[in-house]
Amino acid sequence: MSDVPKTNLLGLTKARMEAFFVDLGTKAFHGRNVLKWIHKHGVVDFDLMTDLPKALRELLKDKAEIVTPRIVLDQPARDGTIKWLLELSDGQHIETVYIPDGDRSTICVSSQVGCALDCSFCSTAQQGFNRNLSVAEIIGQVWLASRMIGRPPTNVVMMGMGEPLANFDNVVPAMDLMQEDLAYMISKSRVTISTSGIVPALKRLRGVSDVSLAVSLHAPDNALRDQLVPINRKYPLEELIPACKQFIEHDRRRKVTWEYVMLDGVNDSIAHAKALIRLLQGVPSKVNLIPFNPFPGTLYRTSPPERVEAFRQRLMRAGIMSMTRKTRGDDIDAACGQLVGKVHDRSRRHLKRIPIVQEHRP
Ligand code: SAH
């Protein structure tokens with residue numbers, strides 16, 4: 001046994017995997033095979049990787065490991081949504097949500113333990129920030145979900161706990177793996193990064209990762225957005241909007257998806273809709289209205305459905321495509337803004353424990 005810590009192969013992109021195998025003194029194509037074993041077949045035991053020479057398998061056991069997050073709770077909602085509570089190797093917890101919808105299946109992936117951004121309507125913010133997830137911990141959520149549902153998801157949204165652009169260096173390689181042909185083969189338009197608007201990181205992302213962009217807007221002017229999404233004080237709308245427009249301008253089919261949580265009496269009037277229409281003028285846009293999902297201790301209320309619909313109609317009349325996001329999994333606190341990565345006593349009672357996923361054969 002060497003003293004050098006073992007490399008967790010789960011978090012290596014194709015290029016890094018190839019380099020790892022070359023550094024071991026063997027061929028890059030073994031690396032590509034291992035990538036397939038791990039992500040396509042779910043195999044985490046080197047002895048089951050039958051196309052690797054025996055000596056290489058022994059070397060790998062010495063130098064490498066494949067460590068996946070562990071599911072500690074499996075919480076199915078009435079609508080088919082499932083929320084998994086995952087335990088990481090240092091004992092921290094995060095949540096991942098699986099949202100089936102006909103032929104589509106979407107995994108909502110977390111990027112951090114907690115979140116530092118303090119949006120006033122989000123329950124993840126209440127728990128504060130703990131740490132960034134590693135590449136392995138991010139892609140590990142897709143790995144686990146694929147094993148649990150028996151196939152890769154059709155879509156991934158980086159809309160779980162955390163601000164993905166605040167963990168740029170790990171989120172980008174993880175999103176590469178989602179799209180990688182030897183791994184999950186999800187097309188770039190079906191991988192969506194959602195951000196509260198960290199403008200310098202968004203500019204850096206341009207040209208590095210061509211994924212779909214969703215932005216948590218929630219207000220049509222700086223005064224209100226400063227209150228709801230405090231990062232706006234650092235990167236106000238006049239910087240955010242052009243940066244988003246630039247992100248998609250290389251492809252005329254692209255639109256920015258603006259997320260807009262509907263808070264009763266706060267941001268949901270027709271005047272707000274009109275201001276939003278003015279703000280988005282000239283930006284290829286789609287607006288997703290999200291009915292506010294309440295959580296214990298919040299002072300906000302959900303806008304009445306008629307008001308949400310009137311707001312939506314106003315946007316549509318101005319030629320802005322707009323839909324109201326269906327609330328999914330709210331009976332298990334799996335909906336937008338409800339992820340907290342800890343076990344509530346309240347919800348624990350009716351949850352079943354599932355065996356820990358150890359090993360999968362192709
Ligand atoms: N931090 C990233 C990723 C979170 S995505 C971001 O801000 O984009 C989750 C989406 O749900 C975001 O648009 C977020 O603003 C929204 N959200 C947060 N809390 C919510 C709540 N209680 N009800 C509805 N939507 C909420």
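What's counted below: heavy atoms across the whole structure, side chains too, no hydrogens, waters or symmetry copies. The structure displayed is predicted, hence computed values, not measured ones. Numbering of residues begins at 1 and proceeds along the displayed sequence. In each ligand, atom 1 is the first atom listed, and ligand 1 is the first ligand listed.
The shortest contact between atom 19 (N) of ligand 1 and any protein heavy atom is with Gly337 CA, 3.0 Å. Looking only at heavy atoms of the protein, atom 12 (C) of ligand 1 is closest to Ser216 OG, 3.2 Å. Met159 O, 3.7 Å is the protein heavy atom nearest to atom 9 (C) of ligand 1. Counting only heavy atoms of the protein, atom 23 (N) of ligand 1 lies nearest to Asn293 N, 2.9 Å. In terms of protein heavy-atom proximity, atom 21 (C) of ligand 1 is closest to Cys336 O, 3.2 Å. Remark: minimum distance from atom 17 (N) of ligand 1 to any protein heavy atom is reached at Phe121 CE1, 3.8 Å. With respect to atom 1 (N) of ligand 1, the closest heavy atom belonging to the protein is Gly162 O, 3.0 Å. Here the heavy atom of the protein found nearest to atom 2 (C) of ligand 1 is Ser194 O, 3.4 Å.
Contacts with ligand 1 closer than 4.0 Å are made by no heavy atom of Thr124, backbone or side chain. Both the backbone and the side chain of Glu163 come within 4.0 Å of ligand 1, counting heavy atoms alone. In Val261, the part holding a heavy atom less than 4.0 Å from any atom of ligand 1 is the side chain.
For ligand 1, the atoms closer than 4.0 angstrom to any heavy atom of Cys122 are 18 (C), 19 (N). Near Ile290, the atoms of ligand 1 lying under 4.0 angstrom from a non-hydrogen atom of the residue are 24 (C), 25 (N). The Ser196 neighbourhood of ligand 1 comprises atoms 6 (C), 7 (O), 8 (O), with distances under 4.0 Å to a heavy atom of that residue. Within the listing of ligand 1, atoms 13 (O), 14 (C), 15 (O) sit less than 4.0 angstrom from a heavy atom of His218.
Residue Met185 qualifies as open at atom CE: its count of foreign heavy atoms under 6.0 Å is 12 or below. Other residues, nucleotides and ligands contribute over 12 non-hydrogen atoms within 6.0 Å of the CZ atom of Arg131.
Checked against ring-ring contact (aromatic ring centres under 6.0 Å, His included), His272 has no partners two or more places apart in sequence or in another chain. Residues satisfying the side-chain hydrogen bond (donor to acceptor under 3.5 Å, both in side chains) criterion with Arg314, sequence neighbours excluded, are absent altogether.
By the 30° and 60° cut-offs, the orientation of the rings of Tyr260 relative to Phe311 is tilted. In this structure, His218 and Phe121 have perpendicular ring planes: the angle between them is above 60°, well past the 30° mark.
By the 4.0 Å heavy-atom criterion, Met161 is excluded from the residues contacting ligand 1. Under the 4.0 angstrom criterion for non-hydrogen atoms, Ser123 is not in contact with ligand 1.
Under a 4.0 Å N-O distance rule, the pair Arg301/Asp268 does not qualify as a salt bridge. The pair Arg307-Asp264 meets the salt-bridge criterion, since a charged nitrogen lies less than 4.0 angstrom from a carboxylate oxygen. Here Asp79 does not pair with Lys326 in a salt bridge; the nearest charged N to carboxylate O distance is not below 4.0 Å.
His39 pairs in a side chain to side chain contact (heavy atoms under 4.5 Å, CB included) with only one of the listed residues (Leu182, Ile139, Val34), which is Ile139.
A continuous path of ILVMFWY side-chain contacts below 4.5 Å connects Leu279 to Val283, so both sit in one hydrophobic cluster.
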